[in-house]
Asks: 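Starting off with a structure, shown below.
Note that the structure is a prediction, hence the values are computed from the model and not measured. The basis for the numbers below is simple: all heavy atoms, side chains too, and nothing from hydrogens, waters or symmetry mates.
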Amino acid sequence: MKVYKTNEIKNIALLGSKGSGKTTLAESMIYECGVIKRRGTIDAKNTVSDYFPVEKEYGYSVFSTVFNAEFNNKKLNIIDCPGADDFVGNAYTALGVCDMGLILLDAEYGVEVGTQNIFRTTAALKKPVIFGINQMDAEKADYDNVLEQMREAFGPRVVQIQYPLESGPNFHSMIDVLLMKKYEWGPDGGVPTISDIPAEEMDKAKELNQILVEAAAENDETLMDKFFEQGTLSEDEMREGIRKGLVDRSIYPVVVLSAAKDMGVRRLMEFLGNVCPFVSEMPAPCTTTGLEVKPEADAPLSVFFFKTSVEPHIGEVSYFKVMSGTLKAGADLENATRGGKERLAQIFTVCGNLRNPIDELQAGDIGATVKLKDVRTGNTLNEKGIDWQFDFIKYPAPKYVRAIKPANESDAEKLSAILTRMHEEDPTWVIEQSKELKQLLVKGQGEFHLRTLKWRIENNEKLPITFEEMRIPYRETITKPARADYRHKKQSGGSGQFGEVHLIIEPYTEGMPEPDGYRFGNQEYKLKIRDKQEIPLEWGGKLLVYDCTVGGSIDARFIPAIVKGLMDRMEQGPLTGSYARDVRVMIYDGKMHPVDSNEISFRLAGRNAFSEAFRQANPKILEPIYDVEVFTPGDTMGDVMSDLQGRRAIIMGMESENGIEKLNAKVPLKEMSSYSTALSSLTGGRSSFTMKFASYELVPSDVQEKLLKEYAESQTED
């Protein structure tokens with residue numbers, strides 16, 4: 001295979017909502033390049049992209065697929081990303097290493113919530129965008145309606161490169177207003193017949209051509225001057241203007257096609273090859289220290305690994321982008337992220353499940369290797385003497401959580417190793433061993449995302465597992481001052497145990513005055529502070545402990561033991577066993593024994609005195625509240641709002657965002673357990689949401705009573 005130079009390489013992320021036809025387009029693209037002799041189909045389960053067993057089982061993409069298309073002496077590295085919102089992490093990865101996005105829209109459904117989400121991601125990453133309206137031959141395809149939706153959603157930067165003469169089953173021809181030619185296909189698609197534009201379409205074509213010329217000229221002063229002088233631009237000048245407009249996102253070209261019938265695919269590839277920016281024309285990425293690294297073949301060698309997969313009959317395959325320099329097979333590199341050395345004995349170009357060995361890859365190119373010792377997704381490997389690291393892929397926060405455990409407890413260690421490996425393949429599968437909840441948690445983007453993980457573990461690894469509801473990380477606190485004392489006394493022959501602690505507790509708020517005295521009943525307690533400890537709690541909030549003892553009632557050496565006893569109860573609150581927070585404790589009196597007092601005695605006395613006072617201090621349970629944003633089509637807004645209100649949500653506001661309704665709410669985490677499944681069911685998979693921790697708030701009294709009862713019953717069973 002030819003070694004391509006940096007200025008001959010283009011990296012493109014193939015994006016779109018579920019069902020927009022990305023995998024089918026990828027199949028047609030590599031067919032047009034001669035990589036395959038016959039196009040596969042999703043129904044036949046023989047496409048180059050969807051080759052994993054789980055993808056064949058479910059019938060659509062689960063993982064991103066890297067493939068390359070050599071077309072007109074240019075190399076297009078394309079990463080086909082799954083369309084389901086559950087697998088959105090693949091789009092973040094692809095856009096991280098690609099220079100632009102090709103976003104497909106379904107000609108029947110137009111701009112969907114998924115389309116909006118993807119576009120929003122490209123905007124955040126400042127990546128150029130080309131839109132392809134696919135499935136123009138579908139029964140209910142409506143080009144004009146889709147174009148109107150796009151302009152409403154994405155603004156006047158949407159510019160037509162082509163338009164169809166007919167939408168729907170009769171689609172077989174289009175007008176290209178860049179080349180000012182008519183393209184027509186036979187029933188089987190493929191190579192088009194190119195002819196002059198019919199007279200009846202000429203006025204429309206000229207008008208759209210003029211709009212395109214003006215949009216191209218706006219991106220270059222020289223082109224703008226020439227446009228004012230001549231009123232038009234040549235094809236090459238228009239391409240140059242469009243390319244510059246793509247780089248700064250001032251133009252979003254629109255093409256039309258039917259990938260299933262291979263109509264418009266060849267012309268799309270010509271357009272990508274001629275107009276899309278090369279790697280060398282895009283802003284250079286920066287290292288974690290802010291150093292700009294230009295993709296130059298003669299610069300120091302640096303390679304970034306963006307994807308790991310375990311593939312049938314091969315094992316672990318590591319995908320990389322050459323950030324700088326020229327990578328040759330057999331190169332010895334140093335891992336800047338994890339330390340250690342690695343030899344890349346073989347390097348490959350990749351086309352789905354097809355891998356072709358190659359001797360070298362230059363800066364900007366994408367490839368794969370196998371049998372590395374200790375390289376993980378996100379690692380950077382450099383030549384000796386270079387310590388660059390890249391970290392430009394940021395993944396979305398999880399939205400769906402389940403506790404996971406093996407059917408057989410003896411397989412716990414094996415399951416942990418499998419999950420660690422699977423996180424390397426898909427970093428949006430987040431694994432957490434929760435000390436607080438005493439559960440192994442797996443977090444993902446949705447119910448189907450985690451169901452896919454379960455399928456793979458049970459079918460590929462032959463390890464039965466079960467999912468359970470995640471326990472909610474409640475917090476306990478108090479709402480008024482209280483006083484208690486406790487004497488721990490134990491005598492069992494020889495030295496015994498004795499410790500007595502008197503303390504006062506109250507709610508803590510930032511900035512409150514120091515304690516000086518309290519009244520309980522008819523008795524007043526005046527305090528003099530000898531010492532103060534402020535303990536920030538790792539789960540949030542604080543514990544403040546004041547030593548207010550007088551006359552040596554408790555020796556100073558026993559105060560740390562009392563604090564340990566207090567922390568025992570802060571880590572396992574008296575109400576539900578949840579973490580407690582925002583309490584301050586005043587130790588004001590106690591008693592010791594000259595022989596029997598020791599640290600364990602005062603630890604137990606402090607713990608029990610705190611528990612008793614806590615129960616008298618009008619304790620409350622706090623629950624985690626999340627800020628939730630739901631994006632949904634207008635016709636489903638009523639159902640979505642009703643469902644949220646049934647989940648104890650507080651609706652904070654509603655607004656339209658580029659033709660899609662956005663609803664903001666505050667929702668208890670307890671009520672979000674299966675929300676992704678419910679939302680998909682309510683809206684036919686046309687909605688998405690994000691959630692972010694906001695605060696802890698008091699649970700309603702009826703919920704607190706239920707939680708107290710459940711905890712009491714669990715303690716009785718134990």
Asks: With no hydrogens and no angle check, just 3.5 Å: does a side-chain donor-acceptor pair link Asp391 and Thr288?
Replies: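 Asp391 vs Thr288: no donor-acceptor pair found between side chains.
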Asks: Any donor-acceptor pair under 3.5 Å linking the side-chain atoms of Glu500 with those of His502?
Replies: yes
Asks: Just wondering, more than 12 heavy atoms not from Met654 lying within 6.0 Å of its CE?
Replies: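 12 or below, so no.
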Asks: Under a 3.5 Å cutoff, is there a donor and acceptor pairing between the side chains of Arg530 and Thr549?
Replies: yes
Asks: Using ring pair (Phe, Tyr, Trp, His ring centres under 6.0 Å) as the criterion, point out the one residue from Phe320, Tyr319, Phe392, Trp388 that pairs with Phe304.
Replies: Phe392
Asks: Quick check, are the ring centers of Tyr518 and Tyr525 under 6.0 angstrom apart?
Replies: no
Asks: Mark yes when over 12 heavy atoms from residues, nucleotides or ligands other than Lys454 sit less than 6.0 Å from its NZ; otherwise mark no.
Replies: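 It does: Lys454 NZ has more than 12 such atoms within range.
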Asks: Does Phe498 offer a backbone N or O that forms a donor-acceptor pair with the side chain of Ser601 under 3.5 Å?
Replies: yes
Asks: Do Tyr696 and Arg581 meet the criterion of a side-chain donor-acceptor pair at a distance under 3.5 Å?
Replies: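 On atom types as modelled, these side chains do not qualify, holding no pair under 3.5 Å.
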Asks: Looking just at side-chain N and O atoms, do Ser642 and Asp639 make a donor-acceptor pair shorter than 3.5 Å?
Replies: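 No, no side-chain donor-acceptor contact under 3.5 Å.
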Asks: Could you measure the distance from the NE2 atom of His488 to the OG atom of Ser597? Nearest 0.5 Å is fine.
Replies: 10.0 Å
Asks: If I take atom OG1 from residue Thr289 and atom CG from residue Asp387, how far apart are they, to the nearest 0.5 angstrom?
Replies: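 These two atoms lie 7.5 Å from each other.
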Asks: Is it true that, when you exclude Lys666 itself, more than 12 heavy atoms of the residues, nucleotides or ligands shown sit nearer than 6.0 Å to its NZ?
Replies: yes
Asks: Without swapping roles, check the side chain of Glu342 against the backbone of Lys373 for a donor-acceptor pair under 3.5 Å.
Replies: yes
Asks: Using modelled atom types and a 3.5 Å cut-off, is there a donor and acceptor pairing between side-chain atoms of Gln704 and backbone atoms of Ile621?
Replies: yes
Asks: Is the closest side-chain donor-acceptor distance between Glu469 and Ser673 under 3.5 Å?
Replies: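 Yes - a donor-acceptor pair under 3.5 Å links their side chains.
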Asks: Under a 4.0 Å threshold between the charged nitrogen and the carboxylate oxygen, would Arg475 count as salt-bridged to Asp582?
Replies: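 No.
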Asks: Donor-acceptor pair, distance only, cut-off 3.5 Å: does the side chain of Lys532 make one with the backbone of Ile529?
Replies: no
Asks: Verify the neighbour count for atom CD1 of Ile650: are there more than 12 heavy atoms of other residues, nucleotides or ligands below 6.0 Å?
Replies: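 12 or below, so no.
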Asks: Flag yes if more than 12 heavy atoms outside Lys662 fall under 6.0 Å of its NZ atom; otherwise flag no.
Replies: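 Buried by this count: over 12 neighbours within 6.0 Å.
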Asks: In Å and rounded to the nearest 0.5 Å, what is the CD to CG distance from Glu334 to Asn382?
Replies: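 Nearest 0.5 Å value for the CD-CG distance: 8.0 Å.
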Asks: Return yes if some donor-acceptor pair links the side-chain N/O of Asn408 with the main-chain N/O of Asp411 below 3.5 Å, else return no.
Replies: no
Asks: So which pairs with a foot in residues 529-548 pass ring-ring contact (aromatic ring centres under 6.0 Å, His included), sequence neighbours left out?
Replies: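 Qualifying pairs, neighbours excluded: Trp539-Tyr579.
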Asks: State yes or no: are the ring centers of Phe87 and His449 separated by less than 6.0 Å?
Replies: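 Here the rings of His449 and Phe87 have centres that are less than 6.0 Å from each other.
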Asks: Consider only side-chain N and O atoms of Thr308 and Ser318, and report whether a donor and an acceptor are under 3.5 Å apart.
Replies: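 Looking only at side-chain atoms, Ser318 and Thr308 do not form any donor-acceptor pair under 3.5 Å.
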Asks: Any sub-3.5 Å donor-acceptor pair from Lys692's side-chain atoms to Val628's backbone N or O?
Replies: no
Asks: Quick one: does NZ or CZ of Lys394 land under 6.0 Å from the six-membered ring centre of Tyr92, within 45 degrees of the ring axis?
Replies: no
Asks: Are Glu697 and Ser695 linked by a side-chain donor-acceptor pair shorter than 3.5 Å?
Replies: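 Glu697 vs Ser695: donor-acceptor pair found between side chains.
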Asks: Have Asn117 and Arg120 got a donor and an acceptor in their side chains that come within less than 3.5 Å?
Replies: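 Distance-only check passes for Asn117 and Arg120.
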Asks: Would you say the ring centroid of Tyr400 lies under 6.0 angstrom from that of Tyr675?
Replies: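 No, the ring of Tyr400 stays outside the 6.0 Å limit from the ring of Tyr675, centre to centre.
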Asks: Taking everything shown except Glu413 itself, do over 12 heavy atoms lie less than 6.0 Å from its CD?
Replies: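 At most 12 heavy atoms, drawn from other residues, nucleotides or ligands, come within 6.0 Å of this atom.
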Asks: Is there a donor-acceptor pair under 3.5 Å between the side chain of Gln389 and the backbone N or O of Ala336?
Replies: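 Flag set: sc Gln389 to bb Ala336 pair under 3.5 Å.
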Asks: With distance as the sole test, does Asn379 use its side chain to make a donor-acceptor pair with the main-chain N or O of Arg376 at under 3.5 Å?
Replies: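 Looks like yes, one N/O pair under 3.5 Å.
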Asks: With rounding to the nearest 0.5 Å, note down the distance linking OH in Tyr395 to CG in Asn90.
Replies: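 So the OH of Tyr395 and the CG of Asn90 are separated by 8.5 Å.
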Asks: Would you say the side-chain atoms of Ser681 pair up with the backbone N or O of Thr677, donor to acceptor, closer than 3.5 Å?
Replies: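 No: the side chain of Ser681 does not pair with the backbone of Thr677.
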Asks: Would you tell me whether Glu476 and Thr576 have side-chain atoms, one donor and one acceptor, within less than 3.5 Å of each other?
Replies: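 Thr576 and Glu476 do have a side-chain donor-acceptor pair below 3.5 Å.
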Asks: I'd like to know if the side chain of Gln445 reaches the main chain of Ala397, judged simply by a donor and an acceptor atom lying under 3.5 Å from each other, with no hydrogens or angles considered.
Replies: yes
Asks: Do Ser611 and Arg569 have a side chain donor and acceptor closer than 3.5 Å?
Replies: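 Checked: Ser611/Arg569 side chains pair up, N/O donor to acceptor below 3.5 Å.
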